[in-house]
Amino acid sequence: GIYMLEPFDPTRIPVVMVHGLWSSPATWMPMFNDLRSFPELRKNYQFWFYQYPTGQPFWLSATQMREDLARLRQSLDPEHRYLALDQTVLVGHSMGGLVSRMQTIDSREEFWKILSDEPFGQLQGDPEDIGKLRDAAFFAANRDVRRVVTIGTPHRGSDYANDITQWLGRKFITLPTMMVATGKNLVSKNPGVFQNADLLINNTSIDSLNPDSPVFPAMLRAPRADWVTYHNIVGLVPKRHWFGGEEQASDDGVVSYESAHMDDAVSEIVVASEHQTIHRNPKAILEVRRILLEHLEDVRDEYRMVQNGARNMAQNSPSTATGIPPGPAPLPAQSPLTLPQPAV
């Protein structure tokens, strides 16, 4: 679920931090403390943390996060009055970056085609089970998310998710009972329909990170939301030899540069850091700070345009009662434009 360390503030933009494999929200404390120490960020952002069971496949965690974000927005702002919530930023480390990016793509038929060539509407089974599979296979980008920062993320999988680690994962990871039961029920009631039943029944998080997983090509093909801006932070560490010398860096010890790189990111920096600690590296933290300041300025510019447009419309519309043009239209009380201007 989503955790807050301070009371909800409808005037501040949410930054949701999503941890990686075998981790927890506590891993974000160095970055959180550093970002919160900067007055401009502290005034204008509120930091939330998303926690999920890292033993399950990341696409299932992404489905749960999609539901959790929608449920939280409905709880906090059922009428969608708080404009700051429309500008949410996601920051994901490692597998958390995959979970985050899946909030910003449209599935269309890409993910269902991984599982079956048959029409989804012909599935037989319990309506609740079918509904769970529908939520995982068919989804739309979240309109509230406007920016995503991925850090050390295996966008095309990791070679460390291989036959050995996958075997170990299946020995030591206990998948959610409900997930397994739902998958088994659907497979048993639809013989011959699923061409990749393992994705529904046996896939652990390590299986889902294998470069040969069909989920990665589907993610890369799926349409991305045109209102979302992506940023990327990649780790590289040189390989040192026992007897001196070192090879040119090609990965962060877990994720290769080829897998971590993304062409659709408007910015990408390389940090000399190992995979497990890249999100705590000072250079990475400074980059996230820069991105949040950039996002804040973009939000202010956007709402200035909205404000000016509303004022122009108001001034050009004579009052039917007096014939005198009304005054400037006020901005909604919870607009991010009410935030302080940048510190000098």
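One is the number of the first residue; the rest follow in order along the sequence. Note that this is a predicted model, so its numbers are computed, not measured.
A single hydrophobic cluster is not seen to contain both Met262 and Met95; linkage of ILVMFWY side chains at heavy-atom distances under 4.5 Å, directly or through other members, places them apart. In the hydrophobic cluster analysis, where Ile, Leu, Val, Met, Phe, Trp and Tyr join through side-chain heavy atoms closer than 4.5 angstrom, Phe216 is grouped together with Ile114. Leu85 is connected to Met4 through a chain of hydrophobic side-chain contacts under 4.5 Å among Ile, Leu, Val, Met, Phe, Trp and Tyr, so both are in one cluster.
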Could you walk me through whether Arg289 and Met31 pass the side chain to side chain contact (heavy atoms under 4.5 Å, CB included) check? CA-CA 9 Å; Arg289 186 176 79 173; Met31 180 180 289; over 6 Å; no

Please report the C-alpha distance between Phe32 and Thr27 in whole Å, then the side-chain angles of each, then the deciding distance to 0.1 Å, and finally whether the side chain to side chain contact (heavy atoms under 4.5 Å, CB included) criterion is met. CA-CA 9 Å; Phe32 167 73; Thr27 194; over 6 Å; no

When you look at Ser23 and His93, which way does the side chain to side chain donor-acceptor pair (under 3.5 Å) test go after all the steps? CA-CA 10 Å; Ser23 189; His93 172 235; 5.8 Å; no

Lys113 vs Glu118, test: salt bridge (Lys or Arg N to Asp or Glu O under 4.0 Å). Steps then yes/no. CA-CA 8 Å; Lys113 288 178 180 177; Glu118 302 295 327; over 6 Å; no

Verdict with reasoning, Lys189 to Asp126, per salt bridge (Lys or Arg N to Asp or Glu O under 4.0 Å): CA-CA 9 Å; Lys189 293 179 181 180; Asp126 184 276; 5.9 Å; no

Working note: Val237 + Glu274, criterion side chain to side chain contact (heavy atoms under 4.5 Å, CB included); need CA distance, chi angles, decisive distance, verdict. CA-CA 6 Å; Val237 288; Glu274 294 181 346; 4.0 Å; yes

Passes side chain to side chain contact (heavy atoms under 4.5 Å, CB included), Asp251 versus Val255? Steps please. CA-CA 6 Å; Asp251 57 41; Val255 180; 6.0 Å; no

Begin from the C-alpha positions of Thr165 and Asn162 and carry the test side chain to side chain donor-acceptor pair (under 3.5 Å) through to its verdict. CA-CA 5 Å; Thr165 56; Asn162 51 43; 3.2 Å; yes

Pair Asn281, His279 - check side chain to side chain donor-acceptor pair (under 3.5 Å), show working. CA-CA 6 Å; Asn281 184 283; His279 59 303; over 6 Å; no

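Rounded to the nearest 0.5 angstrom, Gln56 CD and Asp207 CG are separated by 13.0 Å. Here the straight-line distance linking atom OG1 of Thr104 with atom CZ of Arg147 works out to 13.0 Å at 0.5 Å rounding. If you take CG on Leu133 and CG on Asn185, they are separated by 12.0 Å, rounding to the nearest 0.5 Å.
Other residues, nucleotides and ligands place no more than 12 heavy atoms under 6.0 Å from the CH2 atom of Trp22. Summarising the local packing, CD of Glu128 is surrounded by 12 or fewer heavy atoms from other residues, nucleotides or ligands at distances under 6.0 Å. Counting heavy atoms of neighbouring residues, nucleotides and ligands inside a 6.0 Å radius, atom OH of Tyr3 does not exceed 12 of them.
When atom types are taken as modelled, the side chain of Arg12 and the backbone of Ala84 share no donor-acceptor pair closer than 3.5 angstrom. When atom types are taken as modelled, the side chain of Ser75 and the backbone of Leu72 share no donor-acceptor pair closer than 3.5 angstrom. Judged by distance alone, with hydrogens and angles left aside, the side-chain atoms of Tyr50 form no donor-acceptor pair with the main-chain N or O of Ser100 at under 3.5 Å.
The only option from Phe49, Trp28, Tyr52, Phe58 that meets the ring pair (Phe, Tyr, Trp, His ring centres under 6.0 Å) definition with His19 turns out to be Tyr52.
Using a 30° and 60° split on the angle between ring planes, Trp112 and Phe194 fall in the perpendicular class, above 60°.
One finds no salt bridge joining Arg146 and Asp298 here, because no Lys/Arg side-chain nitrogen approaches an Asp/Glu carboxylate oxygen to under 4.0 Å. Between Lys132 and Asp135 there is no salt bridge, since no side-chain N of the basic residue sits under 4.0 Å from a carboxylate O of the acidic one. Here Arg81 does not pair with Asp86 in a salt bridge; the nearest charged N to carboxylate O distance is not below 4.0 Å. A salt bridge is defined here as a Lys NZ or Arg NE, NH1 or NH2 lying under 4.0 Å from an Asp or Glu carboxylate O, and Arg290 with Glu294 meets this definition. Under 4.0 Å is where a charged nitrogen must lie from a carboxylate oxygen, and between Asp264 and Arg224 at least one such pair does.
Phe139 carries Arg66 over the face of its six-membered ring, with the cationic atom under 6.0 Å from the centre and within 45° of the normal. Taking the centre and axis of the six-membered ring of Phe47, the NZ or CZ atom of Arg36 falls outside the cone set by 45° and 6.0 Å.
Side-chain contact check for Thr150 and His231: no donor-acceptor pair (N or O, by modelled atom type) lies under 3.5 Å.
In this structure, His295 and Tyr45 have side chains that are in contact, with non-hydrogen atoms separated by less than 4.5 Å. Residues Arg280 and Ser273 are not in side-chain contact: their nearest non-hydrogen atoms beyond the backbone lie 4.5 Å or more apart. Within the 4.5 Å cutoff, the side chain of Leu293 has heavy atoms near those of the Leu41 side chain. Contact check for Leu90 versus Val16: side-chain heavy atoms found under the 4.5 Å cut-off. Put simply, the side chain of Met29 reaches to within 4.5 Å of the side chain of Leu5, judged on heavy atoms. When side chains are defined from C-beta on, Leu209 counts as touching Leu98, because their heavy atoms get closer than 4.5 Å. At a threshold of 4.5 Å between non-hydrogen side-chain atoms, the residues Thr204 and Leu175 count as touching. Within the 4.5 Å cutoff, no side-chain heavy atoms of Phe138 are placed close to those of Phe111.
In plain terms, the two heavy atoms of Ala62 and Met102 that are nearest each other are CB-CB, 3.7 Å. Smallest separation of non-hydrogen atoms from Ala161 and Ile206: CB-O, 3.3 Å.
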